[in-house]
Asker: 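Dropping the structure in here first, questions after.
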Amino acid sequence: MKTTYGVGKARTVTGALLRLGALLLSTVSLGSAQIAHAEQQGFSVTLGGFYANSDSGIVVQNPDLGKDFTLDFENDLALVEKDLLPTLELAYWFNEDHGVYLDWKRLDREARNRSISKPYEYTEVNSGQTYLVQAGADISTIFNVDILRLGYRYNFYSGEDVDLTLLAGLHIMWLKLQFVGEIGACVDDECQVVDVNPKSDALTEVTAPLPDLGLQGRYRINDRWSLSGWAQYFYVSLGDTKGQLFDFSAGVNYQLSDSLDVELGYKYYKIDVEVEKDLADFDIYYGFKGPALSLTYQF
């Protein structure tokens, strides 16, 4: 049974990468600008994607014990764990040392759990309304994430085979979390009186900006092949938002022509955000990892 499962899992990942490759080859005029280095100048455009394995959840309260716990979106709410995630990047090098970049990632997920196994209380951070979901409730969940990364690049070292670049910028994350179904709206502060509506809708939309610092590197094996990657990390407490992020990518690049190259790599992204407002707190985490494929076009 273990051998059968392993083969099936490998076929799933292989099939996803083949589908992603077909998508990218159909848009061959775009590509992955992440491998830009000191010898490149001008504008580049990125189109890529990867087979993302997601892990996400939110801190809620157990109505029976009165204690906080983490509600897992994939295990408890049946959101799909693995999916193809598109990415887009625009980059511009002013000269050999200075450049700017902007990239975008998006993952929209929706699922229905016809019988919730863990009851929970959830307080909407913008309105302060507390909702109660009982065990056995029929709940649909929508969780949409958009991530915009923008910043400045400074190439502080350029050798014969190696380039090292400092990254400084901002991650902006837009979150939409929506519960629909058999949800009770708490009428009193203790949530002892509940108005249950089988078509209730609890919606939260949050914008979380987090600054970041990082390092990008490239090693040229020969005229065609190279290795590249970057890592960014930051922790901040600013206003009503605090959080931390870690963004990592590594890959192998092949130059198809003077203007076009392809990258096969691996990406990992993890962010924890807590928003504290007068009415309620919003504490959520989100992460993904997986193989990635992208193309680069340099103008």
Side-chain angles (χ1 to χ4, degrees), residues 16-52 83-107 146-155 158 160-172 212 214-232 247-269 288 290-299:
L17 287 175
L18 288 175
R19 293 195 301 272
L20 181 57
L23 171 65
L24 293 174
L25 289 176
S26 68
T27 55
V28 70
S29 62
L30 299 175
S32 170
Q34 290 295 349
I35 62 171
H37 59 92
E39 295 177 359
Q40 294 177 329
Q41 297 182 41
F43 180 69
S44 58
V45 184
T46 299
L47 181 67
F50 64 96
Y51 188 60
D83 202 358
L84 293 177
L85 190 155
T87 62
L88 173 68
E89 180 185 338
L90 306 176
Y92 184 79
W93 284 92
F94 299 104
N95 51 44
E96 293 182 353
D97 296 328
H98 302 277
V100 292
Y101 62 89
L102 181 151
D103 70 37
W104 167 83
K105 309 177 185 71
R106 182 172 192 173
L107 183 60
D146 287 88
I147 302 170
L148 180 68
R149 188 176 70 107
L150 55 96
Y152 162 77
R153 289 184 174 121
Y154 171 62
N155 188 84
S158 183
E160 182 177 351
D161 299 320
V162 177
D163 293 311
L164 295 176
T165 304
L166 178 67
L167 305 175
L170 190 69
H171 278 70
I172 304 175
D212 59 70
L215 183 68
Q216 178 176 320
R218 175 184 174 113
Y219 174 73
R220 288 181 290 280
I221 301 172
N222 53 41
D223 291 340
R224 294 286 185 180
W225 292 93
S226 62
L227 304 176
S228 65
W230 82 83
Q232 290 181 283
D247 191 354
F248 169 81
S249 177
V252 179
N253 311 99
Y254 180 74
Q255 187 172 353
L256 299 172
S257 68
D258 291 340
S259 301
L260 183 67
D261 47 73
V262 62
E263 179 186 70
L264 177 63
Y266 181 87
K267 296 182 183 295
Y268 176 89
Y269 182 89
F288 50 74
L293 184 64
S294 56
L295 291 173
T296 302
Y297 188 80
Q298 180 81 19
F299 292 90

Asker: Which heavy-atom pair separates Ala292 from Leu264 by the least distance, and what is that distance?
Answerer: O-CD1, 3.3 Å
Asker: Donor-acceptor pair, Arg153 side chain versus Leu167 backbone, under 3.5 Å?
Answerer: no
Asker: Does a donor on one side chain sit under 3.5 Å from an acceptor on the other, for Glu96 and Ser158?
Answerer: no
Asker: Flag the pair Phe50 / Leu85 as yes when at least one side-chain heavy-atom distance between them is below 4.5 Å, and no otherwise.
Answerer: yes
Asker: Please identify each residue that fulfils side-chain contact (heavy atoms from CB on, under 4.5 Å) with Asp223, with sequence neighbours left out.
Answerer: none
Asker: Rounded to the nearest 0.5 Å, what's the gap from NZ on Lys105 to CG on Asp103? Could you check?
Answerer: 4.5 Å
Asker: For Trp104, check ring pair (Phe, Tyr, Trp, His ring centres under 6.0 Å) against everything at least two apart and list the hits.
Answerer: none
Asker: Enter the distance from Tyr154:OH to Thr165:OG1 here, rounded to the nearest 0.5 Å.
Answerer: 10.0 Å
Asker: Step by step, work out the side chain to side chain contact (heavy atoms under 4.5 Å, CB included) result for Leu164 and Val162.
Answerer: CA-CA 7 Å; Leu164 295 176; Val162 177; 4.2 Å; yes
Asker: Identify the heavy atoms of Gly48 and Ser294 that sit nearest to each other, and give their distance.
Answerer: CA-CB, 3.9 Å
Asker: Quick check for you: to the nearest 0.5 Å, what is the distance between Asp146 atom CG and Arg106 atom CZ?
Answerer: 4.5 Å
Asker: Within this structure, what is the CG-CG distance for the pair Asp161 and Leu227, rounded to the nearest 0.5 Å?
Answerer: 11.0 Å
Asker: Just jot down the side-chain contact (heavy atoms from CB on, under 4.5 Å) partners of Tyr266, sequence neighbours excluded, or say none.
Answerer: Tyr268, Lys289
Asker: Are Leu107 and Asp83 packed together at the side-chain level, in the sense that at least one heavy-atom pair is separated by less than 4.5 angstrom?
Answerer: yes
Asker: For Ser249 and Lys267, does a side-chain donor sit closer than 3.5 Å to a side-chain acceptor?
Answerer: yes
Asker: Hey, could you give me the CZ/CD1 distance between Arg149 and Ile172, rounded to the nearest 0.5 Å?
Answerer: 12.5 Å
Asker: Checking Val262 against Leu293 for the side chain to side chain contact (heavy atoms under 4.5 Å, CB included) test, could you report, in this order, the C-alpha distance in whole Å, the side-chain angles of both residues, the deciding distance, and whether it holds?
Answerer: CA-CA 8 Å; Val262 62; Leu293 184 64; 4.1 Å; yes
Asker: Heavy atoms only: give me the nearest Thr87-Gly49 pair and the separation to one decimal.
Answerer: OG1-N, 3.5 Å
Asker: Taking side chain as C-beta onward, heavy atoms only, is His171 less than 4.5 Å from Gln232?
Answerer: yes
Asker: Start with the C-alpha distance between Val45 and Tyr297, add both sets of side-chain angles, then the distance that settles side chain to side chain contact (heavy atoms under 4.5 Å, CB included), and finish with yes or no.
Answerer: CA-CA 6 Å; Val45 184; Tyr297 188 80; 5.6 Å; no
Asker: Calculate, to the nearest 0.5 Å, the distance between atoms CZ and OH belonging to Phe288 and Tyr51 respectively.
Answerer: 15.0 Å
Asker: Step by step, work out the side chain to side chain contact (heavy atoms under 4.5 Å, CB included) result for Asp163 and Tyr219.
Answerer: CA-CA 7 Å; Asp163 293 311; Tyr219 174 73; over 6 Å; no
Asker: Identify, with sequence neighbours excluded, every residue that meets ring pair (Phe, Tyr, Trp, His ring centres under 6.0 Å) alongside Phe248.
Answerer: none
Asker: So, Arg220 side chain and Glu160 main chain: donor-acceptor pair closer than 3.5 Å or not?
Answerer: yes
Asker: Just to verify, what does Phe43 make a ring pair (Phe, Tyr, Trp, His ring centres under 6.0 Å) with, not counting sequence neighbours?
Answerer: Phe299
Asker: Specify the closest pair of heavy atoms between Tyr254 and Asp261, including all atoms of both residues, with the distance to one decimal.
Answerer: O-CB, 3.0 Å
Asker: Would a line drawn from the ring center of Tyr152 to the ring center of Tyr101 be shorter than 6.0 Å?
Answerer: no
Asker: Any heavy-atom pair between the side chains of Leu150 and Leu148 that's under 4.5 Å?
Answerer: yes
Asker: Among all residues two or more places apart in sequence or in another chain, which pass the ring pair (Phe, Tyr, Trp, His ring centres under 6.0 Å) test with Phe94?
Answerer: Tyr92
Asker: Taking all non-hydrogen atoms of both residues into account, name the closest pair between Leu256 and Arg224 and its distance.
Answerer: O-NH1, 3.4 Å
